[in-house]
Every structure is written in C-alpha cells, then in structure tokens.
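Structure first, then comments.
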Amino acid sequence: MNALVNPPEVIRHDWRRDEILALLSLPFNDLLFQAQTVHRRYFNPNEVQVSTLCSIKTGACPEDCAYCPQSARYDTGLEREKLLAIEKVIEEAKAAKATGATRFCMGAAWRSPKAKDMPYVISMVQGVKSLGMETCMTLGMLDEQQAKDLASAGLDYYNHNLDTSPEYYGEIITTRTYQDRLDTLANVRNAGMKVCCGGIVGMGEEKTDRAGLLQQLANMPEHPESVPINMLVKVEGTPLESEADLDPFDFIRTIAVARILMPASHVRLSAGREKMNDQTQALAFFAGANSIFYGEKLLTTANPETSKDMQLFKRLGINPEAYEVHETEAEQEEMIAHQLHEVQMDSLFYNAAK
Ligand code: SAM
Ligand code: DTB
Ligand code: SF4
C-alpha cells in the first residue's frame, strides 16, 4: 500500500488499518511534513489550547486499569479522598483561569457516577462555566440520562478514552469492555456534548495497536473534537510500572498520524510531558499537537511547572488559544452563590429521600 503522497482534502471516516500503518511507517520527515501541511489547513500553527485538570474524587477506584495509580487493586501509596467540595473546585478553577487556562477538566476515580453524586457534579459544571471557562468532565461510564443531565447543565466536553486498540484492550482492563466505552461515547454524542477521546501509548502495545486505536477514533461517525494522546506515566505499584520506554519518535508519529486522520480536531499532548524534554514537546507541536494539560499536576501525578510551559511557549513563539469570556465578575459571583444554594437544596432532598 502506497502511503499518501498528498494529505487528503476531505475528512474521512473510513480508514483501513493498513493505510494507518503505512502512515505510521513513513520516513519521519515525510510524515511530519504531511502532518504539518494538514495542520496549517485547519489551524493556526502557533496556537495551543490550554486545559487544566482537577481531581474532584481521588483514589479507591473499583476498576482494574493496569496503568492507573487510582485503582484500589494496586498499592500505589495514593491517599483516597472524598468528593471535593464545590467551593474548593471553584477556587481551583479560578486559580487555573488566573494562570491562563481556558478549559477546566474535572476527573473522578469512578467506574461511573452514582445518582447521589449527580447534583454535585452538575453544580460544579455550572459554577466553573459561570467563571467563563470551558468545562470538561471525566467520571467514567455514563448512561443516556446522565449524559443528558450533564449536557443540560452546560457541560461542554466529556472525556472518555478508548485507551488502546480493541485487540490489546483485554491486556489492560478487564472490568469494563471496549463496547462499554463506545456506548458511553455514543451517549455523550447523542446528548449533544463535545467528545474528548484518545488513548495511551507506551503500554507495551505494538505499532498495529496504535494504528488500531487511531482507526477507532478516526472512524467514529463524528471525530472527537479533542483527542488526548497520553504517554504512559509509569507509577510504582501499577502492573505497568516497569514497562519499557516507547521510542519518543514513535510517540511523535502517533501524534502526527492523529493529526492527519482527524484534521479538524484538537490533538492534545497529554500525560507524560514531565519526562519529555523541550525538543520532544516542540516536535509534538510540529507534528500537529495543539492542546496541552497545563498546571503542576495532572490528576495525581506531576506535570511541568506553569512557568516552564510559558517559557517554552515563548521560545517557540506559541500563543495560548483564546476563549471568549461572557459574564461580568458580578454575574459570575451571583451564579456561583445560586449554584451553591441549589446543591444544598438537592442534597437535603436526597438525604430526606434516603
Ligand atoms: N475514572 C474515569 C475513567 O477512567 O473513565 C476518569 C478518570 S481516568 C484517570 C482518565 C484517563 O486518564 C484514563 O482513561 C487514561 O487514559 C488516563 N490515565 C490514567 N492513568 C494514566 C497514566 N498512568 N498514564 C497515562 N494516562 C493515564
Ligand atoms: C486524559 O486523556 N489524560 C488525563 C485526562 N484525560 C483525564 C489524565 C492523565 C492522568 C495521568 C495519571 C495521573 O495523574 O493520575
Ligand atoms: Fe478508575 Fe479511571 Fe483509573 Fe480506570 S482509569 S482505575 S476507571 S480512575
């Protein structure tokens, strides 16, 4: 199969595995040239979207994802925490906004949200939105109604990753199926939210698994608007703690091919930046990555210092992508007070109904 000489003009949803493998196997310079050409057709090449993560519920997760420090099945020394108070989440979001983040992504170590959690997470969405930030959540599996409720609350993005290829998936997770993940993604899409979906590389998978993950993402009826490509963060105590390092060029290739297959999506250079040098990150931007997680922590592990990221942006002539703020500060304060009152009422009602 002849790998593409010219990148496609149309957005395709019918990629074959062998075509993707051929792209991943191109000479590095040819691949990066194609990816950068596609990138420039759809995006300003010198703008990168910045999102900050916040762990709203940490640790003690019942799932067995082999990469995850938050699974209760592995002794990673992580202290479990209760669901964060809404006030604390708003405080964190304000701090993230003050350092330049435009999207606030709230993650919970859950298999899926319980009914009692929903009023709280809904209030978090409304509170963060009222700060004039984009909102994203990752709470595990969602049923149709939960997706609709989050969409009605104004949640902009839902993150739910496929993580790897369908063939390799069983080596990494046994407590939920690939189809479960696709079902949640369909519920999110049908509820009208934007989809954030990607995966992890460096988990001992083969090149064909990276192709398989990209194929699944690129052949969705609508491409995820946001595609996080995570480099495995090897955490002591997890089954993947001693996994061999992936060649950084293979990481860059994965980003470049994601860019070519999903030309209009934001591709995020996600977990793993703490261990990457500036040159690798610069190559990732050249390959078409145009989003990062920004802030000194991911969910539970370290991320580069914000000042270091800003220095890197400056050295590369990169600007953070803007996001419009709509409300005045007084309007924001009023909305937050209203949200807090609502959630207090909801929890009173929930406790009374128990
Ligand atoms: N519990 C929810 C779930 O799994 O759907 C949401 C939080 S979970 C931590 C979100 C994503 O973080 C996972 O799907 C995985 O892709 C990524 N992730 C978790 N641990 C990681 C690690 N050690 N290295 C890289 N990515 C990781
Ligand atoms: C995603 O794809 N990566 C983020 C976010 N979505 C939720 C999470 C990375 C977690 C890395 C390990 C940790 O810090 O716990
Ligand atoms: Fe739980 Fe999510 Fe970690 Fe899997 S990735 S163990 S579902 S927190």
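Counting convention: from 1, in listed order, for ligands and their atoms alike. When reading the values below, keep in mind they use all heavy atoms of this one structure, side chains included, and skip hydrogens, waters and symmetry mates. If you read the sequence from its start, that first residue is 1, and numbering goes on from there.
- Listed by atom number, the atoms of ligand 2 under 4.0 Å from Leu298 heavy atoms are 14 (O).
- For atom 8 (S) of ligand 1, the protein comes within 4.0 Å by no heavy atom at all.
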TODO: Please step through salt bridge (charged side-chain N to carboxylate O under 4.0 Å, His left out) for the pair Asp245 and Lys234, ending with a clear verdict.
DONE: CA-CA 9 Å; Asp245 282 340; Lys234 291 180 242 179; 2.4 Å; yes
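- With hydrophobic clusters built from ILVMFWY side chains whose heavy atoms lie under 4.5 angstrom apart, Ile200 does not share a cluster with Val233.
- For atom 2 (Fe) of ligand 3, the protein comes within 4.0 Å by no heavy atom at all.
- Residue Thr138 touches ligand 1 through backbone and side chain together, judged by heavy-atom distances below 4.0 Å.
- For atom 24 (N) of ligand 1, the closest non-hydrogen atom of the protein is Val233 N, 3.0 Å.
- Relative orientation of the His13 and His223 rings is tilted, given thresholds of 30° and 60° on the angle between their planes.
- Judged by the 6.0 Å distance and 45° axis criteria, Arg268 is positioned over the aromatic ring of Phe293.
- For atom 16 (O) of ligand 1, the nearest non-hydrogen atom from the set Leu299, Leu240, Ile229, Asp163 belongs to Asp163.
- Taking every non-hydrogen atom of Tyr67 and a distance limit under 4.0 Å, the qualifying atoms of ligand 3 come out as 5 (S).
- Protein heavy atom at the shortest distance from atom 4 (Fe) of ligand 3 is Cys65 SG, 2.2 Å.
- Residue contacts with ligand 1: Ala108 is included, with a non-hydrogen atom under 4.0 Å away.
- Below 4.0 Å from some heavy atom of Thr300 lie the following atoms of ligand 2, by number and element: 13 (C), 14 (O), 15 (O).
- At least one N/O/S atom of Cys68, whether from backbone or side chain, sits less than 2.8 Å from atom 3 (Fe) of ligand 3.
- A cation-pi contact links Arg12 to Trp15, judged by a cut-off of 6.0 Å to the six-membered ring centre and 45° from its axis.
- By the 3.5 Å distance cut-off applied to N or O atoms, Tyr67 is counted among the residues near ligand 1.
- Below 4.0 Å from some heavy atom of Trp110 lie the following atoms of ligand 1, by number and element: 1 (N), 2 (C).
- For atom 10 (C) of ligand 2, the closest non-hydrogen atom on the protein side is Leu299 CD1, 4.2 Å.
- Salt bridge Arg315/Asp278: present, at least one basic N to carboxylate O contact under 4.0 Å.
- The pair Glu63-Arg176 meets the salt-bridge criterion, since a charged nitrogen lies less than 4.0 angstrom from a carboxylate oxygen.
- Within the structure, the closest approach of Phe293 to ligand 2 falls below 4.0 Å when heavy atoms are considered.
- Side-chain contact annotation: Thr58 with Gln70, donor-acceptor N/O pair under 3.5 Å absent.
- Here Cys61 fails the criterion, with no N, O or S atom under 2.8 Å of atom 4 (Fe) of ligand 3.
- Using a 4.0 Å cut-off between charged side-chain N and carboxylate O, Glu225 and Arg189 make a salt bridge.
- When the options Arg176, Lys57, Gln70 are ranked by their closest heavy atom to atom 7 (S) of ligand 3, first place goes to Arg176.
- Residue contacts with ligand 1 leave out Glu241, since none of its heavy atoms falls under 4.0 Å from the ligand.
- Only the side chain of His160 comes within 4.0 Å of ligand 1, judged by heavy-atom distances.
- Only side-chain heavy atoms of Arg176 come within less than 4.0 Å of ligand 1; its backbone N, CA, C and O stay farther off.
- When each atom of ligand 2 is checked for a heavy atom of Pro69 under 4.0 Å away, the hits are 15 (O).
- Distances below 4.0 Å separate heavy atoms of Ala109 from the following atoms of ligand 3: 8 (S).
- Taking a 4.0 Å cut-off on heavy atoms, Gly140 registers as neighbouring ligand 1.
- Shown in contact with Glu63 at under 4.0 Å from a heavy atom are these atoms of ligand 3, numbered in order with element: 1 (Fe), 4 (Fe), 6 (S), 7 (S).
- Contact check for Leu283 versus Leu32: side-chain heavy atoms found under the 4.5 Å cut-off.
- Of the protein's heavy atoms, Asn161 ND2, 4.5 Å lies nearest to atom 12 (O) of ligand 1.
- Residue contact annotation: Arg111 has no non-hydrogen atom under 4.0 Å from ligand 3.
- Atoms of ligand 2 found under 4.0 Å from any heavy atom of Pro228, numbered from 1 in the order shown, are 2 (O).
- When the heavy-atom distances from atom 27 (C) of ligand 1 to Leu298, Ile200, Asn230 are ranked, the shortest goes to Ile200.
- Side-chain contact check for Glu92 versus Glu87: every heavy-atom pair is 4.5 Å or farther apart.
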